[in-house]
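Hydrogens, waters and symmetry mates play no part in the numbers below; they use all other heavy atoms, side chains included.
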Amino acid sequence: GADWGRALSETAQMAREALGAHTALVALCSSESAVWTARTHDGNAIAGEEIRLIASLSVLEQVRTTGEAALSLEEVPHLLRSKSATAHDLRSVLAVPIWFWGGDSTTSSGVGAEAGRSERRFGGCLYADRRGSDRPFAAADVELVRDLAAVAERNLSLLRHLGQVERKL
């Protein structure tokens, strides 16, 4: 519930401050429906096409399909033509994948659940952008965001597990 949303917003806020970014968010993608939901650095909850109003959905989709970090518009030339990149005057974009281990929250207990815990699956992205006259992101920024994403993965996995335990009680 509230702890989950707060954890997402705090992660985005840490990324924004560490990078000097204009916008930062943690976007999660449902494995069943491929629908994005996100929490911004200022705590707003957004979903689906609404994400385009503040960030590049194309970048999130690229990270989802490749499983790799995306850095700056120069490395993703088709994003220069995207509506959101133009509308937001994006100078540079950085997004890294967030991975979850095991099944979703509906995984039942038993042998299958134990085996499922070691499966890595795409959970979402930690996204940040710089706009206008801001300097573009660099390779060192990717490493910083990867480190933040790794911390987020552990925190979110712990919150997910605690939520499962609470539901069973």
Side-chain donor or acceptor of Glu50 paired with backbone N/O of Ala47 under 3.5 Å: yes
Got a second to check how far Cys29's SG is from Glu61's CD, nearest 0.5 Å? 6.0 Å
Here the pair of heavy atoms bringing Arg39 nearest to Gly5 is CZ-CA, 3.7 Å
Drop me the distance from Leu25's CG to Asn44's CG, to the nearest 0.5 angstrom. 10.5 Å
Is the backbone N or O of Ala152 less than 3.5 Å from a side-chain atom of Asn155, with the two atoms forming a donor-acceptor pair by type? no
Parallel under 30°, tilted from 30 to 60°, perpendicular over 60°: which one fits the rings of Phe122 and Trp36? perpendicular
What's the shortest heavy-atom distance between Leu159 and Ala7, and which atoms? CD1-CB, 3.5 Å
Gap separating the CZ atom of Phe100 from the CD atom of Glu153, nearest 0.5 angstrom: 8.0 Å
Taking C-beta and beyond as the side chain, do Ile98 and Thr11 meet within less than 4.5 Å on heavy atoms? no
Donor-acceptor under 3.5 Å (Arg130 side chain, His22 main chain): no
Rounded to the nearest 0.5 Å, what separation is found between the CD atom of Gln13 and the CG atom of Leu8? 13.5 Å
Determine whether the side chains of Arg16 and Thr40 contain a donor N or O and an acceptor N or O closer than 3.5 Å. no
Quick one: does Val93's side chain get under 4.5 Å of Tyr127's, heavy atoms only? yes
Here the pair of heavy atoms bringing Ala38 nearest to Ile51 is CB-CD1, 4.1 Å
Measuring from Leu156:CG to Asp3:CG, what's the distance to the nearest 0.5 Å? 11.5 Å
Looking at every heavy atom in both Gly67 and Pro97, which two are closest together, and how far apart are they? O-CG, 3.5 Å
Could you tell me whether the side chain of Asp129 reaches within less than 4.5 Å of the side chain of Asp134, counting heavy atoms only? no
Grab the two heavy atoms, one from Ala69 and one from Val96, that are nearest each other, plus how far apart they are. CB-CG1, 3.7 Å
Heavy-atom nearest pair, Gly48 first then Leu57, reads O-CD2, 4.1 Å
Are Ile46 and Leu53 close enough, and set up right, to give a side-chain contact (heavy atoms from CB on, under 4.5 Å), and what steps lead you there? CA-CA 9 Å; Ile46 52 177; Leu53 299 175; over 6 Å; no
